[in-house]
Amino acid sequence: MQYTVLEADFFNRPTLKVARELLGKHLVCKDIKGEVRVARIVELESYDGFEDQASHAHRGQTPRNAVMFGPAGVWYVYLCYGVHWMLNIVTGPKDYPAAILIRGLEGVVGPGRLTRAYGIDKRFDCKPALPQSSLWLEDRGEPVPESGFERTPRIGVDYAGPVWARKPYRFVIK
DNA sequence: TAAGTGATCTCT
DNA sequence: GAGATCACTTAA
């Protein structure tokens, strides 16, 4: 099986579809010493469009979230609670704000933990998810079957109101 | 269960 | 400029 780097056309599709397919794909990170680390993605959340009250884009474009309005296949990294870096991949067409938060990898569960484990921070914000950025995504050919994952409401978004807080936009491998 | 932590956003 | 808010984690 040949490894395939996921490029912009993979991400430039409906966010929920991308999220579903991104489960079981691999995050690849080349650290400062040139060492490569790879881990399978086991947990994701999608944030989709202007109407999604849980999304940063709901209140309109700001300097921080501007990258969500740009073309797909670009990293969106921001600091949460003054402590944790959150790693997202932008999806959907230009001018449509959407992104997928990578919440957990095999062996590293928790969005703040995985960025700390991989040394991911603001450096990657607004960079394309390609090998030249030292952080990218690969299809390594282990598709997740329909029975292999579940969808649940997103975590930590109670402020978004009952409708949006309960959307089953979180995908987890069982 | 509560507090730490600091960038970001929304008012003045 | 000041104040509130936060897509979380950890230690109890």
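No experiment lies behind these values; they were computed from the predicted model shown. So you know, we letter chains A, B, ... as the sequences are listed, proteins then strands, and number each from 1.
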Is A:Arg123 atom CZ crowded by more than 12 heavy atoms from other residues, nucleotides or ligands, each under 6.0 Å away? yes

Just so I know, are the side chains of A:Phe11 and A:Leu137 near enough to count as touching, which here means a heavy-atom distance under 4.5 Å? yes

Tell me, which of residues 99-110 of chain A have any heavy atom that sits under 4.0 Å from an atom in DNA chain C? A:Leu101, A:Arg103, A:Gly110

Work out which heavy atom in A:Val74 is nearest to a heavy atom in A:Cys126; give both atom names and the distance. CG1-C, 3.4 Å

Under 4.0 Å from a heavy atom of chain A: give me the 5'-most and 3'-most nucleotides of DNA chain C that qualify. C:dC6 to C:dT10

Can you list, by residue number, the residues of residues 59-98 of chain A that have a non-hydrogen atom closer than 4.0 angstrom to DNA chain B? A:Thr62, A:Pro63, A:Arg64, A:Tyr81, A:Gly82, A:Val83

Sequence neighbours left out, what passes salt bridge (charged side-chain N to carboxylate O under 4.0 Å, His left out) with A:Asp31? Give chain and number order. none

Of all the base pairs, Watson-Crick or G-U under 3.5 Å, which form stems of three or more consecutive pairs involving DNA chain B? B:1-4 with C:8-11, B:6-11 with C:1-6

Non-neighbouring partners of A:Arg37 that pass side-chain contact (heavy atoms from CB on, under 4.5 Å), sequence neighbours left out: A:Tyr118

A:Arg151 versus A:Tyr169: any side-chain heavy-atom pair under 4.5 Å? yes

Got a second to check how far A:Thr15's OG1 is from A:Leu22's CG, nearest 0.5 Å? 11.5 Å

Verify, without hydrogens or angle tests, whether A:Asn88 (side chain) and A:Ser46 (backbone) share a donor-acceptor contact under 3.5 angstrom. no

Among residues 165-174 of chain A, which ones have heavy-atom contacts with DNA chain B below 4.0 Å? none

With heavy-atom distances below 4.5 Å as the criterion, would you say the side chains of A:Leu27 and A:Leu87 are in contact? yes

With sequence neighbours excluded, give me every side-chain hydrogen bond (donor to acceptor under 3.5 Å, both in side chains) pair touching residues 152-165 of chain A. A:Asp52-A:Arg154, A:Thr152-A:Arg170

Partners passing salt bridge (charged side-chain N to carboxylate O under 4.0 Å, His left out) against A:Glu142 (at least two apart in sequence or in another chain): A:Arg40

Other ILVMFWY residues reachable from A:Trp136 by side-chain steps of under 4.5 Å: A:Val5, A:Val28, A:Val36, A:Val38, A:Leu130

Lys/Arg-Asp/Glu bridge criterion (N-O < 4.0 Å) met for A:Arg20, A:Glu146: yes

According to side-chain hydrogen bond (donor to acceptor under 3.5 Å, both in side chains), does anything in residues 68-87 of chain A pair up with another residue at least two apart or in another chain? List the pairs. A:His56-A:Tyr76

For A:Ser133, what residues pass the side-chain contact (heavy atoms from CB on, under 4.5 Å) criterion, not counting sequence neighbours? A:Lys127, A:Pro128

